[in-house]
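Notes follow once the structure below has been shown.
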Protein chains: 2
Amino acid sequence: MQQKPKRPRTRIEDIRRVELIDAAHRIFLKEGLRGLTSTKICSEAGLSQGILTYYFKDKEEVLFEMVRMNNRILANEIVLNLRRAHSGWERLMALIDGNFPAQRFDKQAASAWVSLYAEASHNERYARLLRPYYRRLRSNVSSILRPYLEQDKIDHFNLGFAAMIDGLWLRRGHADIDLSLAQAKSVLIDYVEKALPHEVIRLLSEPN
Amino acid sequence: MQQKPKRPRTRIEDIRRVELIDAAHRIFLKEGLRGLTSTKICSEAGLSQGILTYYFKDKEEVLFEMVRMNNRILANEIVLNLRRAHSGWERLMALIDGNFPAQRFDKQAASAWVSLYAEASHNERYARLLRPYYRRLRSNVSSILRPYLEQDKIDHFNLGFAAMIDGLWLRRGHADIDLSLAQAKSVLIDYVEKALPHEVIRLLSEPN
DNA sequence: CAAAATTTTGTTAAAGCGTACAAAAAATTG
DNA sequence: CAATTTTTTGTACGCTTTAACAAAATTTTG
């Protein structure tokens with residue numbers, strides 16, 4: 001297992017890598033995973049095509065870094081929102097907000113991410129990439145509900161909660177419906193309110 | 001607009017078309033939309049590769065016929081289930097059963113169909129293919145609930161219902177979770193029971 | 001300005017679709 | 001029923017896209 005000899009990163013190298021990752025992100029949003037080709041990434045970045053494999057091992061490395069970058073941003077936003085929350089209920093709402101970022105819940109983004117999810121079910125490497133996101137979601141929900149519910153009830157709730165989030169994103173990607181952010185959130189909040197026992201909701205609402 | 005001159009279908013032609021569609025279906029389930037190539041379809045069918053465009057316009061026609069075939073089968077099953085039902089509630093359960101066919105709710109099928117849905121959000125021709133399915137679902141739900149709920153409440157319910165179905169299928173396609181048919185249905189039934197007002201459920205349960 | 005880093009250009013190889021054509025089989029006709 | 005035509009089946013090839021790499025050119029740096 002020969003590792004690539006790592007020299008210290010130059011400023012230019014860091015700049016180019018970010019430029020390429022950003023370009024990849026724009027192409028990805030516009031054309032989905034299938035439309036993401038090396039040539040397009042490079043020309044979107046205003047660089048010539050061969051440059052990609054100078055700074056990255058291959059196209060997948062660019063894509064993977066892009067996904068990781070997005071996961072990081074999302075996770076940070078959620079952490080911030082969670083910090084601001086003063087009750088379990090507010091923390092749940094923070095999770096919902098985090099999973100439906102106002103600036104990014106549009107048809108393009110939804111289509112693009114669904115295309116990645118689709119690939120992940122046929123390709124373990126892609127699946128691994130998405131796992132941190134799901135793990136974090138589950139662990140966040142669990143830690144909020146643990147004081148009030150047994151673990152198997154939490155798991156059941158979690159399944160429905162995660163499925164609903166995914167399903168709403170999937171529906172958002174479809175052209176014939178026009179699903180607004182408000183609608184999506186309202187459906188999800190509705191679900192949370194009704195899926196959790198009243199007693200739990202009452203307890204969650206108390207500030208702490 | 002020159003139409004293709006249509007000769008009468010020979011027996012052989014019908015046989016080959018079905019063979020190719022079936023082969024395409026097997027490949028599709030195994031490898032998803034991305035893995036579905038003309039060459040694989042033909043060799044899976046035990047025929048040589050050029051034959052595909054002799055019996056079909058192109059690869060997409062095979063795929064589209066495959067999807068239509070599936071839609072037909074699904075729709076027929078649902079109609080049968082609906083006929084057997086004796087109350088609104090049973091009709092709702094029939095819809096759920098129809099959308100989670102025991103023989104077909106597996107990881108392979110889920111992954112494959114999600115890959116088609118992903119493509120549909122970037123390609124209008126694919127999107128059109130899926131529309132009948134959604135229309136039918138919505139119209140079925142509406143006709144069951146119309147006597148008891150205003151249209152906008154029905155639409156709201158419908159959105160969550162459809163999203164939950166899609167979401168559960170999407171989660172089924174992921175390797176790290178092992179979502180059983182029973183679990184999926186239980187989450188969905190739970191949702192229905194809680195999202196609809198008690199009064200409506202009571203009325204739905206009355207035989208008619 | 002020489003060495004190193006960066007970028008561009010061009011090439012190669014693989015995959016995949018669709019078409020052109022060849023071969024075989026079946027049907028038709030004199 | 002033999003010759004001819006038509007239909008059916010199968011193969012081969014060309015075109016395009018794309019990723020990856022190599023080599024050459026340019027720019028930067030010490």
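As the structure is a computational prediction, the values presented were derived from the model and not from experiment. A, B, ... follow the sequence lines: proteins, then strands. Residue 1 opens every chain.
- Legend: residues meeting side-chain contact (heavy atoms from CB on, under 4.5 Å) with A/K185, ordered by chain and number and at least two apart, are A/I96, A/D97, A/F100, A/L181.
- B/R84 and B/N81 are linked by a side-chain donor-acceptor pair at a separation below 3.5 angstrom, with hydrogens and angles left out of the test.
- Listed nucleotides C/dT6, C/dG18, C/dT8 differ in distance to A/Y55; the shortest reach to its side chain belongs to C/dT6.
- Ring-plane geometry between A/F157 and A/Y191 is classed as parallel, the angle between the planes falling under 30 degrees on a 0 to 90 degree scale with a further cut at 60.
- Going from atom CD of A/Q49 over to atom C1' of C/dT11 covers 10 Å, rounded to whole Å.
- In this structure, CG of B/L20 is placed 15 Å from C1' of C/dG18, rounded to the nearest angstrom.
- A straight line from CG of A/D58 to C1' of D/dT18 spans 13 Å, rounded to a whole angstrom.
- The side-chain contact (heavy atoms from CB on, under 4.5 Å) check on A/N76 picks up nothing, with sequence neighbours excluded.
- For C/dT6, the OP1/OP2 oxygens have a side-chain nitrogen or oxygen of A/Y54 closer than 4.0 Å.
- Regarding B/F56, its CZ atom lies at a distance of 15 Å from the P atom of C/dC17, rounded to whole Å.
- Using a cutoff of 4.0 Å between basic side-chain nitrogens and carboxylate oxygens, A/K40 and A/E31 are scored as salt-bridged.
- The side chain of A/R16 has C/dT7 as its nearest neighbour among C/dT7, C/dT19, D/dG10.
- Closest contact between the side chain of B/T53 and the listed nucleotides C/dG18, D/dT11, D/dA19 involves C/dG18.
- Across D/dA19, D/dT11, C/dC17, the shortest atom-to-atom separation from the side chain of A/K59 is found for D/dA19.
- One atom, CG of B/L47, and another, C1' of D/dT11, lie 13 Å apart when rounded to the nearest Å.
- Rounding to whole angstrom units, CD of residue B/E60 and C1' of C/dC17 are separated by 12 Å.
- Taking atom NZ on A/K57 and atom P on D/dC21, their separation rounds to 8 Å, with Å as the unit.
- Atom CG of A/L52 is separated from atom P of D/dA19 by 9 Å (rounded to the nearest Å).
- The side chain of B/S38 places no N or O atom within less than 4.0 Å of a non-bridging phosphate oxygen (OP1 or OP2) of C/dG16.
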